[in-house]
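Starting off with a structure, shown below.
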Protein chains: 2
Amino acid sequence: MKEISNEQLFIHVVESGSFKKAAELLAMDPSLVSRRISSLEKRLAVKLLQRSTKNSFPTEVGEQYFVELQKLLEEQNALENRIKATVNEATGHLKVAAPHDFGTFFISDILENMVEHYPQLTVELVLGSQFENLAAEGIDVAVRIGKLPDSSLICRRIGEVPRVLVASPEYIAQQGEPRSVRELEQHKFVFYKRSQMYEAVTIAGQRLHLSGSFVVNSVSAIRQWVLNGKGIHLGPVWAFRDALDTGALQRVLPEVELESFPLHAIYVSRAYVPAKVRLFIDLLSSTLSGNHFQRV
Amino acid sequence: MKEISNEQLFIHVVESGSFKKAAELLAMDPSLVSRRISSLEKRLAVKLLQRSTKNSFPTEVGEQYFVELQKLLEEQNALENRIKATVNEATGHLKVAAPHDFGTFFISDILENMVEHYPQLTVELVLGSQFENLAAEGIDVAVRIGKLPDSSLICRRIGEVPRVLVASPEYIAQQGEPRSVRELEQHKFVFYKRSQMYEAVTIAGQRLHLSGSFVVNSVSAIRQWVLNGKGIHLGPVWAFRDALDTGALQRVLPEVELESFPLHAIYVSRAYVPAKVRLFIDLLSSTLSGNHFQRV
DNA sequence: TTAAATAAATGCAAAAAATGCAATTAATCG
DNA sequence: CGATTAATTGCATTTTTTGCATTTATTTAA
């Protein structure tokens, strides 16, 4: 038997004209229909249906109740369908958090694309946020590159960001080209974000202490500095690929295999992932298999 | 436990802000709330609430669902009330809120009377309640004396409570009898409810600053103090009529016309007032035209 | 950082309700 | 007036709901 409310059952009985027909239609026992209608009548303290042997028809109040209830139940049903549809179709508002530069370069395009295809969708991009508490800030997905903090949130590994050692030809001309990983310690580096001037990093299994005078938490700024010959940088391929192609920058130790950074999508619930979030992650995934993210 | 649909329960959880609060409000086990919300979420295949320890709040779909569902359920509820109201008999449960003393003196009798005549009816009297939210507390009618707060509720003016200035003969003997309204400022007063010792009040067009040491939010207590000679009081006639009749108290400035307090019945719906509520208001109306409420 | 406090979820057994079958009642039609 | 058919009711069974105790998770306080 199908689960159905007493109110809906009443609608069916009125529409079909008798308890029995309604029962048949809904594959229920007539006795059950009787009992449930009685129960509804008792609750409302009103007689809704005038029974007879041949057929049952609504009383005056029953008719009034029927007309208005039908309308309301239909609206409620429509509402439920709308809600259910959000699982299958990207609608509502999607709020994404991402690292500043990565977001600027890639996420903004993805979101633009989504809105084009799903006019019901509105988007919001939070760049550079620390997203301490996704739920509290209303963030649907956070994109994070690098190691993950402990958290109860759901992390899905989307792909990885290959890295590269780059410097400007001018810098190489002045300082000479490093011949080995160890030699990197004698060079000037441009750093992303870390507040110390000296960074301990492991390259090709060797733990190095790199030094340099420039630190910033912006990939664009780094790029500028590197282009201006301020030092070597170990950064994501996507940020330097064009400069490498035009020769504005050149690779350092190209034969050395560098570890990629993992890229994760972080979101709240595992069970009910809204369509907008699933779609976003799919698109992000596609982006990561695109040109920009191949190793050089 | 009260029978309530999962949808209505969801509304309650959103309104109260957490599963626990909703559970308390509805006198159900929190685990039950949890299970039923989960059941609703499962049926809609959507996560409606973002849970946390302190409080739970709706997700985006949850919010959308809440807004629209609330509207529909209210309409459905109104429909049911309309249907129920077609019955002319006072039945069901009548919950009345009233000021403490007034309720004790008059409302309790009215309710007793109603139950006697309508055995189908059960009654509940909430005394001294601030009745912030009639609907939420399940109050059918609230009786209020004095000025009304702004509200979307229906207020019907039932009548008025005439007032009188009273004092004990002992007090008059000690302090002398005031000869003019202005002289009242030299006297000690006993106050109802106000937290300040000095009350600005307008009597016969003159704005006065009355003072006194006694303040309480109980008419019975006031009565006691006035009888004990603690001061003059400006209060409802009904509370002092017997004492005036026996001479235990006497009027002060009897020739001065005092403004009456209006008495209102406050209830929710204008269109379909249930028989029990109509009856109550009628009876209250009769009471107000009775002896106790004539001017002295 | 850890521990305490508190909300929410879950396992399980008891309680309550819904359900189906069979029998009964009621009403129309021949 | 009896036959027919719909609606109702009694009763046993199944299913669901519910509450308690416990566990899990998360926030606040120390």
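Keep in mind that what you see is a predicted model, and the values were worked out from it rather than measured. Letters A, B, ... mirror the listed sequences (proteins, then strands); counts begin at 1.
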Measure the distance from CG on Leu26(A) to C1' on dT19(C) and round it to the nearest whole Å.
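From Leu26(A) CG to dT19(C) C1': 15 Å.
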In whole angstrom, what separates Asp29(B)'s CG from dT17(D)'s C1'?
12 Å
Counting side-chain heavy atoms from C-beta on, which of dT10(C), dA9(C), dA7(D) comes nearest to Ser31(B)?
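The answer is dT10(C), which lies nearest to the side chain.
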What is the distance from CZ of Arg36(B) to P of dA8(C), rounded to the nearest Å?
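Going from Arg36(B) (CZ) to dA8(C) (P), I get 16 Å.
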Any donor-acceptor N/O pair, Arg51(A) side chain to Leu49(A) backbone, under 3.5 Å
yes
Answer yes or no: is there an ion pair linking Lys71(A) with Glu75(B), defined by an N-O contact shorter than 4.0 Å?
no
side-chain hydrogen bond (donor to acceptor under 3.5 Å, both in side chains), paired with Asn6(B), selected from Arg43(B), Glu41(B), Arg35(B), Arg36(B):
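Only match with Asn6(B) under side-chain hydrogen bond (donor to acceptor under 3.5 Å, both in side chains): Arg36(B).
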Phosphate contact (dA7(D) OP1 or OP2) by Ser34(A) side-chain N/O below 4.0 Å:
no
Check: Arg35(A) side chain, dG10(D) base, donor-acceptor under 3.5 Å:
yes
Residue pair Val14(A) / Pro58(A): nearest heavy atoms and the distance that separates them
CG1-CG, 4.0 Å
Nearest-angstrom distance from the residue atom CG of Leu9(A) to C1' of dT19(C)
13 Å
Whole Å only: how far is the CG atom of Leu49(B) from the P atom of dA25(D)?
19 Å
Ignoring hydrogens and angles, tell me if any N or O in the side chain of Gln120(A) forms a donor-acceptor pair with the backbone of Ala90(A) under 3.5 Å.
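No, because the side chain of Gln120(A) does not come within donor-acceptor range (under 3.5 Å) of the backbone of Ala90(A).
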Given atom CZ of Phe57(B) and atom P of dT26(D), what is their separation to the nearest angstrom?
13 Å
Could you give the CG-to-P distance, from Asn55(B) to dA7(C), as a whole number of Å?
10 Å
Atom CD of Glu3(A) to atom C1' of dT15(D): distance rounded to whole Å?
13 Å
Taking only N/O atoms, report every protein-nucleotides 1-4 of chain C pair under 3.5 Å with atom names and distance.
none

Any side-chain N or O of Ser56(A) less than 4.0 Å from the OP1 or OP2 oxygen of dA7(D)?
yes
Using the ring-ring contact (aromatic ring centres under 6.0 Å, His included) rule, collect all pairs that involve residues 65-85 of chain A, keeping only residues at least two apart or in two chains.
Phe10(A)-Tyr65(A)
Between Ser18(B) and Arg51(A), who's closer to the 5' end of DNA chain C by nearest nucleotide?
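Closer to the 5' end of DNA chain C: Ser18(B).
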For the side chain of Leu32(B), starting at C-beta, report the closest nucleotide among dT18(D), dT19(C), dG20(C).
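Nucleotide nearest to Leu32(B)'s side chain: dT18(D).
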Polar contact flag, side-chain donor to acceptor under 3.5 angstrom, His209(A)-Glu185(A)
no
